[in-house]
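Notes follow the structure.
The sequence lines fix the lettering, A, B, ..., with proteins before strands; numbering per chain opens at 1.
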Amino acid sequence: MKIVEKSAKTAEEAIELGLQELGVKRHQVKIEVLEEKVKKGIFSFLSSKSAKVRIVYQDSPEEMVVNLLDKVCEAMGVFASFETSQKPGAFMVNITGPDLGILIGRRGDTLDALQYLVNLAAQKHFGERTRIILDVEGYRQRREETLVRLAKRLSEKVKRTGAKVVLEPMNPQERRIIHTALQDDLKVYTFSEGDEPYRKVVISLKNRH
Amino acid sequence: MRDLVEILAKALVDNPDQVQVTQKDDERSVDIFLRVAPEDMGKVIGKQGKIAKAIRTVVKAAAVKDGRRVNVDIDQ
């Protein structure tokens, strides 16, 4: 967000000056006229600055998020660049750069925490419906593929042995990936048990009657 | 580390100008004290401390390179 205050003879002129300084168009900003005095009389040419306006320029959600992430990465001592893309109901920021392991953390803990904070910050400015997904070097995509492979492999084991398999604790997004991967399987079914944050997926054989 | 807490806190609160962060360095640990406007306490703590936990997770990740323990305290 950028704010400028400008004074000029008229409000109109002050607005024009402010827009020039910000390098933006009028429809992108909020304008507040702080003072506007009409001074009449023969000495009016002496009181040149009689209008004052405040112009507030609000960045787009993408700009705001990238700006915040840029500052966070700098403070964390990592070099990163950001690519944004639009997804249905959300926009995605993929963070790329050398040595971004610390941004991911154990099982994506750090990435999830950062994503949560960035969403809160963006929702404060742009409303509840703003949703941002963060990824680092395609980590989420790779993790999803790994989980799907794991689900398939364990479902085979359940079919072979008949015993149920309990997976390690996962967050809701990761559990959903497992459930979805096996939802069309005719021989096994999945459910979750335990309490957050230790909730686990169980793969079990379907009873055939 | 101090900067990181300040950047995150300022992005979350309604009164960013009232965010104060101080840091106390020790040989083995770093203590960071975060102070915000009273009405913004909920914005940095969250339900069941969820926001505070997320802040700590990110700060701890940043401290990994450093090798020291980091504590983030939110002051009344």
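In terms of non-hydrogen atom pairs under 4.5 Å with chain B, the most contact-rich of L117(A), L114(A), L120(A) is L117(A).
Few gaps surround CZ on F191(A); more than 12 heavy atoms of other groups in view lie less than 6.0 Å from it. Within 6.0 Å of CZ on R69(B) lie no more than 12 heavy atoms contributed by other residues, nucleotides or ligands. Around CD of Q48(B), the count of heavy atoms belonging to other residues, nucleotides or ligands within 6.0 Å does not exceed 12. Counting non-hydrogen atoms of neighbouring residues, nucleotides and ligands closer than 6.0 angstrom, the CG atom of D99(A) reaches no more than 12 such neighbours. When the shell of 6.0 Å around CZ of R143(A) is examined, it contains more than 12 heavy atoms from other residues, nucleotides or ligands. The number of heavy atoms from other shown groups lying within 6.0 Å of CD (E39(B)) is above 12. No more than 12 heavy atoms of other residues, nucleotides or ligands lie within 6.0 Å of NZ in K50(B), so this atom counts as exposed by the packing criterion. Few gaps surround CG on D75(B); more than 12 heavy atoms of other groups in view lie less than 6.0 Å from it.
Rounded to the nearest 0.5 angstrom, I55(B) CD1 and Y116(A) OH are separated by 9.5 Å. In this structure, the separation between CD1 on I7(B) and CG on D70(A) is 9.5 Å, given to the nearest 0.5 Å. Atoms NZ and NZ, on K71(A) and K10(B) in that order, are 8.5 Å from each other to the nearest 0.5 Å. Between atom CG of residue L12(B) and atom CD of residue Q123(A) there is a gap of 11.0 Å, rounded to the nearest 0.5 Å. For the atom pair CG of D112(A) and OG1 of T57(B), the computed distance is 9.5 Å after rounding to the nearest 0.5 Å.
Residues D14(B) and K124(A) have side chains in contact (heavy-atom distance under 4.5 Å, counting atoms from C-beta outward). Inter-residue side-chain proximity for L4(B) and M76(A) is flagged as met; some heavy-atom pair is nearer than 4.5 Å.
Of all heavy-atom pairs spanning A11(B) and A121(A), the tightest one is O-CB, 3.5 Å. Here the shortest heavy-atom pairing between A113(A) and A54(B) reads CB-O, 3.6 Å. Taking every heavy atom of both residues into account, I102(A) and A61(B) meet most closely at O-CB, 3.5 Å.
Neither the backbone nor the side chain of V59(B) comes within contact range of chain A; no heavy atom of the residue lies under 4.5 Å from a heavy atom of that chain.
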